Amino acid sequence: MKIGELVKISGLSKDTIRYYEKFGLLCGVTRPSQFNNYKDYSEKNIARLELIQEMKKLGFTLNECKNVIKSIINDDLDTNSQIKIINEKLAELEKQISELQKHRDLLKNFLTNKCRKGDILDHIKEP
């Protein structure tokens, strides 16, 4: 299928699909004709793009997506590996949540104190 059809099916932009291709996340991309610059994308890429989109929603980086896809292809993604990946991602998310809660509390404190200039400056000055 051509990239335009993949765009319609996936909801991603051409630029994103091309970036994923350059990053090594797509498979079966061919140039069936030497007379034009068109590429054909394998049907397998629909499932790959869906997986990538879901993983990105869960906070996975493209490198992590690439590693998971590689593990699936190599049949290396057993239950223990899956649990390890999920636990690592959960730990990262917990850390991010904690940091966001601190930011939220700081902003609430500024509001409570009517955003006094000294309060704000105390938090941005170097020690």
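Nothing here was measured: the structure is a model prediction, and the numbers come from that model.
Within the 4.5 Å cutoff, side-chain heavy atoms of R18 are placed close to those of I3. Side chains of K108 and R104 form a contact here, defined as non-hydrogen atoms less than 4.5 Å apart. Looking at K39 and K2, their side chains never come closer than 4.5 Å, going by heavy atoms from C-beta outward. Looking at Q53 and L12, their side chains come closer than 4.5 Å, going by heavy atoms from C-beta outward. Between S42 and V29, every side-chain heavy-atom pair lies at or beyond the 4.5 Å cut-off. Residues E54 and E50 form no side-chain contact, since every pair of their non-hydrogen atoms from C-beta on lies 4.5 Å or further apart.
Note on Y20: it clusters hydrophobically with I73, by side-chain heavy-atom contacts below 4.5 Å among ILVMFWY residues. Residues F110 and L100 do not share a hydrophobic cluster, clusters being chains of Ile/Leu/Val/Met/Phe/Trp/Tyr side chains in contact below 4.5 Å. Residue L62 is not grouped with residue L93 when hydrophobic side chains (ILVMFWY) are merged at heavy-atom distances under 4.5 angstrom, including chains of intermediate members. One hydrophobic cluster, built from ILVMFWY side chains closer than 4.5 Å, cannot hold both I97 and L90; they sit in different ones. Placement of L58 and L51 within a single hydrophobic cluster is found when ILVMFWY residues are connected by side-chain heavy-atom separations under 4.5 Å, directly or transitively.
Atom NZ of K70 sits about 8.5 Å away from atom CG of D76, to the nearest 0.5 Å. In this structure, the separation between CD1 on I69 and SG on C27 is 9.0 Å, given to the nearest 0.5 Å. Distance check: L25 CG to M55 CE gives 9.5 Å after rounding to the nearest 0.5 Å. One finds the CZ atom of R48 at 14.5 Å from the OG atom of S10 (value rounded to the nearest 0.5 Å). Distance check, rounded to the nearest 0.5 Å: CD1 of I52 to OG1 of T16 gives 10.5 Å. L77 CG to N67 CG: the interatomic distance, rounded to the nearest 0.5 Å, is 10.5 Å.
A salt bridge is defined here as a Lys NZ or Arg NE, NH1 or NH2 lying under 4.0 Å from an Asp or Glu carboxylate O, and E5 with K8 fails to meet this definition. The pair D40-R31 does not count as a salt bridge, with every side-chain nitrogen at least 4.0 angstrom from each carboxylate oxygen.
A donor-acceptor contact shorter than 3.5 Å links the side chain of E64 to the backbone of T61. Although no hydrogens or angles enter the test, the distance criterion places a donor-acceptor pair under 3.5 Å between the side chain of D78 and the main chain of S81. With hydrogens and angles ignored, the 3.5 Å screen pairs a side-chain donor or acceptor of N36 with a backbone N or O of Y38. Under a 3.5 Å cut-off, the side chain of K66 and the backbone N or O of F23 do form a donor-acceptor pair.
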>> Please determine whether salt bridge (charged side-chain N to carboxylate O under 4.0 Å, His left out) holds for the pair K89 and E92, giving the CA-CA distance in whole Å, both sets of side-chain angles, and the decisive distance to 0.1 Å.
In response: CA-CA 5 Å; K89 189 51 61 182; E92 287 176 30; 2.8 Å; yes

> Between I46 and M1, is a side chain to side chain contact (heavy atoms under 4.5 Å, CB included) present by the stated rule, with each step listed?
Replying inline: CA-CA 10 Å; I46 297 169; M1 88 183 71; 3.5 Å; yes

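Of all heavy-atom pairs between I17 and L26, the closest is O-CD1, 3.6 Å.
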